[in-house]
Every structure is written in C-alpha cells, then in structure tokens.
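All remarks here apply to the structure that follows.
Just so you know, residue 1 is the first one in the sequence shown, and it goes up from there. Whatever order the structure lists them in is the order used to number ligands and atoms, beginning at 1.
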Amino acid sequence: MTAPPILIAPSILAADFGHLAEDLERVVAAGADWLHLDIMDGQFVDNISFGPAIVKLVRGLTTLPLDVHLMIERADHYVPRFLEAGANSITVHVEPEAKHDVSATLRLIREQGCRAGLTLNPAMPFAAVEPHLHHIDLLLIMTVHPGFGGQAFQGEMMAKVRHARALRDSLGLNYDVEVDGGITPENAPVSIEAGANVLVAGTSIFKSADYAAAIRSLRGG
Ligand code: DX5
Ligand code: ZN
C-alpha cells in the first residue's frame, strides 16, 4: 500500500483575528492543504472560540478544504449549521460528555456528502473509537487535552496513532489519521513515522515569521 501524502492543516485559532483575511491569504499562499477550524462551546471544553458565521466567512475567502473540529456538546444539533457554512469535514468527539449519539451524528454528516471525522481526548482509550472505524473518513488523535492552542505535545499518544494506522491498513479502510495539539517541526517526524498523514498546527505556523518555511518543515522537507 503506498503511503498517503502528508497534509498540513493550519489551525486558525492561532491566527490574528484582527487581520484574519490577510493571515488566511498568507497561509494559503504558503502551501496549506486544509484549514482547521476549532469550534469550542465553553461546555465540552473550557474555552469559547467561534461558530458557523466565522466558518462561512472563511469559506468565502478560500477554496481549500475546511476541516471543522467540533469540541461542543450536542454536535448533532449543530452539524447542519456547519454543513450550511461550508465545512468539508466535520469531526466530533467520542467522549460521553459530548452528549450525542456518535453513530447517528456520523451518519448525519456523511448523508449530507461531508466527510465525517471522529476524535478522542488523550485520556480516552482507543477502544472507544473502534466500533466506528468503518463509518468515518478521518480519525483525529488529540495530542493535547482540547480547549487551548499552545500546549505541549503528548508523545505518548503515538501508540494510538500507530494503532489507528495499523487497523486502517489491516482492515482495508481509508480514513485519514490526523494529529492535533502542540505539533511542531521538531515532533512532526514522530507523528509521521507513527502513521499520521494530516498534521494540524496552530502556534507553530501562525506564530512563526515565515509560514511557508514552517509548513515545509512540518511536512518534513
Ligand atoms: C486544541 C485544538 C487545536 C489547537 C492546536 O484544542 O483542537 O486544533 O488549535 O493549536 P496548537 O498547534 O497551538 O497546539
Ligand atoms: Zn483542533
């Protein structure tokens, strides 16, 4: 099986919201493959970010795939609004605190022609996502506890990444394996070697002086 290409998904949480359009234009020109949009409701995670209106605004600024990461309760209730806003993939959490029927939400996303993603917090065992592997297009392994950008990468999560990739290959599935949280040019090779093919990065791109150089070094070249 040929290795999928490495995709870089800048998380706009770390962008300058005072100059969002300009920052996005720069990151797109710098070679971003997707844009990652972190939606936080102050309930499922201890932070509040932005909602569908900003996703729609970003949709109007770029044709790149928009990778929407819902860190919210009752994702099923809000999914239609993010579909309407122009999401290309919508990732939901498997933890019971997310208060939704995970299978039903994944179905709802896919039925609308959108890619469905599933994710789990560092504390959650991999077994929690296993029953859903045949029904997802993307598996996101959190490498920090979600809620804030700028946290330190948890290398112990690489065991989950390896497992995700091994199961994908042995079951003949084709979900993307994505990592999110504290990803830098220093630890990107570890994630790639473990089997991740999509790297989300906020701080290490948007807080760098040269977005193109940051994206190139995350990609490993
Ligand atoms: C964390 C979010 C991440 C975050 C990553 O809750 O899911 O996508 O924006 O930011 P960095 O790369 O700064 O850790
Ligand atoms: Zn995220």
Side-chain angles (χ1 to χ4, degrees), residues 6-17 20 23-24 27 30 32-52 54-55 58 64-73 75 78 82 87-95 97-98 109 115-124 129 136-158 160-161 176-192 196-209 211 213-215 217-219:
I6 304 302
L7 304 177
I8 306 298
S11 165
I12 75 162
L13 195 63
D16 177 356
F17 275 71
L20 187 58
D23 249 10
L24 294 186
V27 87
D33 297 292
W34 298 355
L35 293 179
H36 184 83
L37 293 94
D38 288 305
I39 313 300
M40 304 177 180
D41 67 351
Q43 301 294 321
F44 179 70
V45 290
D46 188 27
N47 197 7
I48 301 176
S49 60
F50 52 83
I54 298 291
V55 177
V58 173
L64 284 190
L66 301 186
D67 180 36
V68 173
H69 176 192
L70 297 183
M71 287 161 276
I72 64 175
E73 291 183 357
Y78 293 100
F82 289 99
N88 298 92
S89 52
I90 297 182
T91 296
V92 297
H93 271 264
V94 74
E95 289 78 18
E97 294 77 14
I109 297 168
R115 303 184 79 228
L118 188 60
T119 186
L120 74 178
N121 287 343
M124 205 64 185
V129 298
I136 59 172
D137 303 293
L138 190 158
L139 182 60
L140 171 55
I141 310 287
M142 291 304 302
T143 43
V144 299
H145 185 73
F148 296 88
Q151 304 180 70
F153 174 79
Q154 298 184 21
E156 316 85 81
M157 296 305 127
M158 292 306 103
K160 285 183 196 172
V161 173
D176 288 306
V177 178
E178 184 176 38
V179 285
D180 182 8
I183 306 293
T184 64
E186 290 67 43
N187 60 44
V190 179
S191 297
I192 294 169
N197 70 295
V198 185
L199 310 185
V200 175
T203 306
S204 69
I205 295 175
F206 285 105
K207 305 300 182 207
S208 77
Y211 294 176
I215 290 175
S217 50
L218 286 165
R219 223 189 281 284

Original post:
Which atom names give the shortest non-hydrogen contact between L20 and A15, and what distance separates them?
Top reply: CD1-CB, 4.0 Å
**OP:** Heavy atoms only: give me the nearest F50-I39 pair and the separation to one decimal.
**Re:** O-CG2, 3.4 Å
Original post:
Mind checking what makes salt bridge (Lys or Arg N to Asp or Glu O under 4.0 Å) contact with D137, not counting sequence neighbours?
Top reply: R110
Polar proximity ligand 1 side, [X] side, N/O cut 3.5 Å exclusive:
| X | value |
| --- | --- |
| S204 | no |
| G150 | yes |
| I183 | no |

For [Y], is there any backbone N or O sitting under 3.5 Å from a side-chain donor or acceptor partner on [X]?
| X | Y | answer |
| --- | --- | --- |
| S11 | G202 | no |
| N88 | L66 | yes |
| Q154 | P122 | no |
| D41 | Q43 | yes |
| Q151 | H145 | yes |
| D180 | M142 | no |

Taking only heavy atoms of [X] into account, list the atoms of ligand 1 that are under 4.0 Å away from them.
| X | value |
| --- | --- |
| H36 | 8 (O) |
| G181 | 14 (O) |
| A201 | 12 (O) |
| M40 | 6 (O) |
| H69 | 7 (O) |
| F148 | 1 (C), 6 (O) |
| G149 | 10 (O), 13 (O) |
| L13 | 9 (O) |

Subject >> Check: D38/H36 side-chain N/O donor and acceptor closer than 3.5 Å >> reply: yes
For [atom], which protein heavy atom lies nearest, and how many Å away is it?
| atom | answer |
| --- | --- |
| atom 12 (O) of ligand 1 | G202 N, 2.8 Å |
| atom 14 (O) of ligand 1 | G182 N, 2.8 Å |
| atom 6 (O) of ligand 1 | G147 N, 2.8 Å |
| atom 5 (C) of ligand 1 | D180 OD1, 3.5 Å |

Original post:
Between T203 and ligand 1, which part of the residue brings a heavy atom under 4.0 Å of the ligand: side chain, backbone, both or neither?
Top reply: both
**OP:** Mind checking whether P146 contacts ligand 1 via backbone (N, CA, C, O), side chain (CB onward), both or neither, at a 4.0 Å heavy-atom cut-off?
**Re:** both
Subject >> Neighbour count >12 (heavy atoms, 6.0 Å) for atom CG, D46 >> reply: no
Subject >> With sequence neighbours excluded, residues passing side chain to side chain contact (heavy atoms under 4.5 Å, CB included) with S208 >> reply: Y211, A214
**OP:** List in chain and number order the residues that pass side chain to side chain contact (heavy atoms under 4.5 Å, CB included) with S191, two or more places apart in sequence or in another chain; answer none if no residue qualifies.
**Re:** F153, M158, V179, I183, A196, L199
Subject >> Atoms of protein origin (N, O or S) under 2.8 Å from the Zn ion (ligand 2) >> reply: H36 NE2, D38 OD1, H69 ND1, D180 OD2
**OP:** Could you go through the side chain to side chain contact (heavy atoms under 4.5 Å, CB included) check for V200 and H69 one step at a time?
**Re:** CA-CA 11 Å; V200 175; H69 176 192; over 6 Å; no
**OP:** Please assess T91 against V68 for the test side chain to side chain contact (heavy atoms under 4.5 Å, CB included), listing each intermediate value before the final yes or no.
**Re:** CA-CA 6 Å; T91 296; V68 173; over 6 Å; no
**OP:** Only heavy atoms count here, so choose which of T119, D38, N47 is nearest to atom 4 (C) of ligand 1.
**Re:** D38
Original post:
Can a non-hydrogen atom of H145 be found less than 4.0 Å from any atom of ligand 1?
Top reply: no
